[in-house]
Amino acid sequence: MNLAAKLRARRAKSRTRRAVARAIDSAATPALRHELMVIAQQQVNSLR
């Protein structure tokens, strides 16, 4: 992978992380917030 591709991938990952954090912060209920956290954690674990 070249440098430009690495930078694009890093920016995309950062964008996704910010979007997930925003969704968790603006969740209507604590249950929805918890569900979003679980989904986000499962996605992170599957990428490793």
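Numbering starts at 1 and runs along the sequence shown.
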Anything under 3.5 Å between a donor and an acceptor, one on a side chain of residues 3-12, the other on a protein residue two or more places apart or in another chain? List them.
none

* Report yes or no: do R22 and S26 form a side-chain donor-acceptor pair below 3.5 Å? => no
Could you tabulate the donor-acceptor pairs under 3.5 Å formed by side-chain atoms of residues 27-40, not counting sequence neighbours?
unit_1	atom_1	unit_2	atom_2	d
T29	OG1	L32	N	3.1
R33	NE	I24	O	3.4

